[in-house]
> 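Have a look at this one.
What's counted below: heavy atoms across the whole structure, side chains too, no hydrogens, waters or symmetry copies.
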Number of protein chains: 2
Amino acid sequence: MLDCVTDKWTVLVLGLLRSGPWRFGQLRQGIEGVSQKMLTQTLRALERDGIVSREVFASSPPKVEYSLTPLGQSLAATLDELRLWAEQHMDAVLRHRSSYDAAAMRHEPVPVNRAGAAR
Amino acid sequence: MLDCVTDKWTVLVLGLLRSGPWRFGQLRQGIEGVSQKMLTQTLRALERDGIVSREVFASSPPKVEYSLTPLGQSLAATLDELRLWAEQHMDAVLRHRSSYDAAAMRHEPVPVNRAGAAR
DNA sequence: CAGCATCCTGGTAGATACTG
DNA sequence: CAGTATCTACCAGGATGCTG
């Protein structure tokens, strides 16, 4: 259950939809790095769970709008707090991260380049 | 950034640590389905980000305790709201999900078994 | 007990091509 | 425009064995 709401794309999609209905292509452009496949998949899952609603306009060119259901709005609000936390504490995290890495350096003797970088 | 906080195991680990310090083995048992590898990995990442602190007791047998830093406590609190949302709305989601699936059935005619199941 | 190194597998996401 | 279908590659994550 947590899996579906903590999904990366889900968080981003709901972030955009908070401001009102969006078309497929708009979402695609608004979310950097999302593939058409993942966007479709994410939206289907959200629709299935009653988080977003999908409205098809039988026009030419075809047009499909996605918007939040009431349930979706409550989730989006909750997720937004998470995003807020991330924004507010990102610098603290990054700072701690680099000092941690620096400390690790001192233990792991020589970072000799044995056949390329780490990993 | 969101990736690290929306990780599955992260959420579960922080959920447990809210109640105080836990030992490695306790966490392992307290979180169903987590492998030793993933738990180690998750804890390392959280330590690196300053979310949890790791205290080693040079006793025999060895003992390592994990606890939340102040930063971690704030994150844990935020994540807990998410868990709360999930609990409160899980039934609504599941209900919508089954009605959605039922509707899909009617469109996708005969679920004939063409060489194994779907996929 | 806690943790690391290694190997191996399967699901997941990307790329590509086609359709209503 | 908004999808579906198919193929492939990659790497997250499980299993195993060893160490301090």
> At a heavy-atom distance below 4.0 Å, what parts of residues 29-40 of chain A sit against DNA chain D?
A:Gln36, A:Thr40
> With distance as the sole test, does B:Thr69 use its side chain to make a donor-acceptor pair with the main-chain N or O of B:Ile51 at under 3.5 Å?
yes
> Quick check: closest heavy atoms across B:Arg18 and B:Ala76, and the distance to 0.1 Å?
CG-CB, 3.7 Å
> How far does CE of B:Met38 sit from CH2 of B:Trp9, to the nearest 0.5 angstrom?
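Answer rounded to 0.5 Å: 7.5 Å.
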> Is it true that A:Arg95 and A:Asp91 have a side-chain N and a carboxylate O under 4.0 angstrom from each other?
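Result for this pair is yes, salt bridge flagged.
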> Taking A:Trp22 for the side chain and A:Leu16 for the main chain, is one N or O donor matched with an acceptor at less than 3.5 Å?
yes
> Per the ring-ring contact (aromatic ring centres under 6.0 Å, His included) rule, what does the pair list look like for residues 56-87 of chain B, sequence neighbours excluded?
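Residue pairs passing ring-ring contact (aromatic ring centres under 6.0 Å, His included), neighbours aside: B:Trp85-B:His89.
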> In residues 10-23 of chain B, which residues come under 4.0 Å of DNA chain D by heavy atom?
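The stretch gives none, as no residue of it lies under 4.0 Å from the strand.
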> Is the shortest heavy-atom distance from the side chain of B:Asp101 to the side chain of A:Arg48 under 4.5 Å?
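They are in side-chain contact.
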> Quick one: do B:Thr10 and B:Thr42 satisfy side chain to side chain donor-acceptor pair (under 3.5 Å)? Show the steps, please.
CA-CA 6 Å; B:Thr10 294; B:Thr42 303; 5.2 Å; no
> Closest approach of A:Pro21 and A:Glu65, non-hydrogen atoms and distance?
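Smallest heavy-atom distance, with atoms named: CB-OE1, 3.6 Å.
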> What are the residues of residues 44-66 of chain A, sorted by number, that bring a heavy atom to within less than 4.0 Å of DNA chain D?
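Those residues are A:Arg44, A:Arg54, A:Pro61, A:Pro62, A:Val64, A:Tyr66.
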> CD of B:Gln41 versus P of D:dG13: gap in Å, rounded?
7 Å
> Specify the angle, to 10°, made by the local axes at the two ends of the helix from C:dC1-D:dG20 to C:dG20-D:dC1 when five pairs are taken at each end.
50°
> Could you list the residues that satisfy side chain to side chain donor-acceptor pair (under 3.5 Å) with A:Arg83, not counting sequence neighbours?
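Here the qualifying residues are A:Asp80.
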> Find the distance A:Arg28:CZ to D:dC1:P and express it as a whole number of Å.
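So the CZ-P distance, A:Arg28 to D:dC1, works out to 11 Å.
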> Could you state the atom-to-atom distance from CG of A:Asp3 to P of D:dG13 in whole Å?
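In whole Å, D:dG13 P and A:Asp3 CG are 10 Å from each other.
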> Distance from A:Leu82 atom CG to B:Thr78 atom OG1, nearest 0.5 Å?
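Those atoms lie 6.5 Å apart.
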> Grouping I, L, V, M, F, W and Y whenever their side-chain heavy atoms are under 4.5 Å apart, do B:Val52 and A:Leu94 come out in a common cluster?
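Both belong to a single hydrophobic cluster.
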> Give me the atom names and distance for the closest heavy-atom approach of B:Gln36 to B:Arg28.
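Of all heavy-atom pairs spanning B:Gln36 and B:Arg28, the closest is N-NH1, 3.2 Å.
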